[in-house]
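Here's the structure, in structure tokens; my notes come after.
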Amino acid sequence: MNLVKKSLVSMGLLAVFACSAAVAYAAPISFETSSTQIVFDNKNGKWASQAYTKGSYGTQYSRTYTEIYGDGYKRDWKKSDKVKGRESQAVAYANTGFASYEAESDHRIWWTQDDVDSIATHSDDSF
């Protein structure tokens with residue numbers, strides 16, 4: 001009976017420590033910048049959603065995705081490649097003439113090549 005109790009206590013402690021280790025895990029990198037901004041592009045004569053991602057020291061790869069909406073409808077989107085390095089950007093365009101504009105972007109950085117070794121965040125802008 002004592003052996004059974006000891007086994008159950010051991011399994012319980014193992015489960016507690018395993019869960020605690022999973023919860024306490026933190027990524028070894030962070031975002032220095034993850035921004036989205038709607039600006040007028042004079043060269044193209046259109047509104048542009050400019051999204052920018054920059055990871056902290058230790059970031060190996062980055063990717064940026066952005067969408068721009070005019071009057072509530074998606075007008076364009078762009079996704080950068082998964083680039084080696086700390087920084088990436090994407091720019092999407094919408095014609096002029098809409099009453100409202102919104103932009104949404106997703107930012108992801110990796111500390112290895114493996115997709116599980118990454119963190120992501122979101123940013124947006126509107127007027």
Side-chain angles (χ1 to χ4, degrees):
M1 191 67 172
N2 280 339
L3 185 59
V4 171
K5 286 182 185 177
K6 287 180 184 177
S7 296
L8 289 175
V9 168
S10 296
M11 289 187 329
L13 288 174
L14 179 61
V16 167
F17 286 117
C19 290
S20 297
V23 171
Y25 178 75
I29 57 176
S30 62
F31 287 95
E32 283 187 16
T33 305
S34 55
S35 64
T36 301
Q37 181 177 341
I38 299 175
V39 298
F40 189 75
D41 185 333
N42 287 318
K43 182 179 173 186
N44 293 322
K46 297 180 177 185
W47 289 102
S49 169
Q50 297 178 336
Y52 179 70
T53 303
K54 183 176 182 180
S56 64
Y57 179 79
T59 299
Q60 298 297 313
Y61 298 90
S62 65
R63 177 181 289 150
T64 306
Y65 172 84
T66 191
E67 301 174 340
I68 189 165
Y69 295 79
D71 287 343
Y73 293 95
K74 188 189 310 184
R75 304 298 174 171
D76 192 20
W77 64 273
K78 290 293 184 280
K79 178 173 79 170
S80 73
D81 292 332
K82 181 179 177 181
V83 296
K84 186 164 181 62
R86 296 172 52 193
E87 302 176 40
S88 61
Q89 61 184 6
V91 181
Y93 297 95
N95 290 325
T96 60
F98 299 111
S100 65
Y101 291 86
E102 300 163 19
E104 296 189 7
S105 302
D106 293 318
H107 313 270
R108 182 172 291 275
I109 54 177
W110 289 260
W111 59 92
T112 71
Q113 279 189 313
D114 197 343
D115 281 344
V116 299
D117 295 334
S118 67
I119 56 175
T121 192
H122 181 85
S123 64
D124 55 54
D125 190 18
S126 65
F127 72 88

Please name the pair of heavy atoms, one in [X] and one in [Y], separated by the smallest distance, quoted to 0.1 Å.
X	Y	result
A51	T64	CB-CG2, 3.4 Å
A27	W111	CB-CZ3, 3.6 Å
S80	S88	OG-CB, 3.8 Å
N95	K46	OD1-CE, 3.2 Å
I119	F31	O-CZ, 3.6 Å
T59	G85	CG2-O, 4.1 Å

Is it true that, when you exclude [X] itself, more than 12 heavy atoms of the residues, nucleotides or ligands shown sit nearer than 6.0 Å to its [atom1]?
X	atom1	value
K79	NZ	no
F127	CZ	yes
Y73	OH	no

> Is there a side-chain contact (heavy atoms from CB on, under 4.5 Å) between V91 and T66 once you walk through the steps?
Replying inline: CA-CA 7 Å; V91 181; T66 191; 5.8 Å; no

Which value, rounded to the nearest 0.5 Å, describes the distance between [X] atom [atom1] and [Y] atom [atom2]?
X	Y	atom1	atom2	answer
I109	S30	CD1	OG	6.5 Å
Q60	K82	CD	NZ	10.5 Å
Y65	D106	OH	CG	7.5 Å
N44	T96	CG	OG1	11.5 Å

> How about R108 and S118: does a side-chain donor come under 3.5 Å of a side-chain acceptor?
Replying inline: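 S118 and R108 do have a side-chain donor-acceptor pair below 3.5 Å.
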
>> Pairing donors with acceptors under 3.5 angstrom, does anything connect the side chains of S34 and S123?
In response: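 Checked: S34/S123 side chains show no N/O donor-acceptor pair below 3.5 Å.
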
>> Over 60° means perpendicular and under 30° means parallel, so tell me whether W47 and Y101 are parallel, tilted or perpendicular.
In response: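 Plane angle between 30° and 60°, so tilted.
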
> Stepwise, does the side-chain contact (heavy atoms from CB on, under 4.5 Å) test hold for E104 with H122?
Replying inline: CA-CA 7 Å; E104 296 189 7; H122 181 85; 3.8 Å; yes

Main-chain N/O of [Y] paired with [X] side-chain donor or acceptor, under 3.5 Å:
X	Y	result
D125	I38	yes
D117	W110	no
D41	K43	yes

>> Do S49 and T36 have side chains that approach each other closer than 4.5 Å (heavy atoms only, starting at C-beta)?
In response: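 Yes - at least one pair of side-chain heavy atoms lies under 4.5 Å apart.
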
> Stepwise, does the side-chain contact (heavy atoms from CB on, under 4.5 Å) test hold for Y61 with Q113?
Replying inline: CA-CA 7 Å; Y61 298 90; Q113 279 189 313; 3.1 Å; yes

> What residues, two or more places apart in sequence or in another chain, satisfy side-chain hydrogen bond (donor to acceptor under 3.5 Å, both in side chains) together with E87?
Replying inline: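 Here the qualifying residues are Y52.
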
>> Apply side chain to side chain donor-acceptor pair (under 3.5 Å) to residues T53 and H107 and explain how you reach the verdict.
In response: CA-CA 6 Å; T53 303; H107 313 270; 2.6 Å; yes

>> Assess whether a salt bridge exists between R86 and E32, defined as any Lys/Arg side-chain N lying under 4.0 Å from an Asp/Glu carboxylate O.
In response: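 Answer for the salt bridge query: yes.
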
> Less than 4.0 Å between a side-chain N and a carboxylate O, is that true for D76 and K74?
Replying inline: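 No salt bridge links K74 with D76.
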
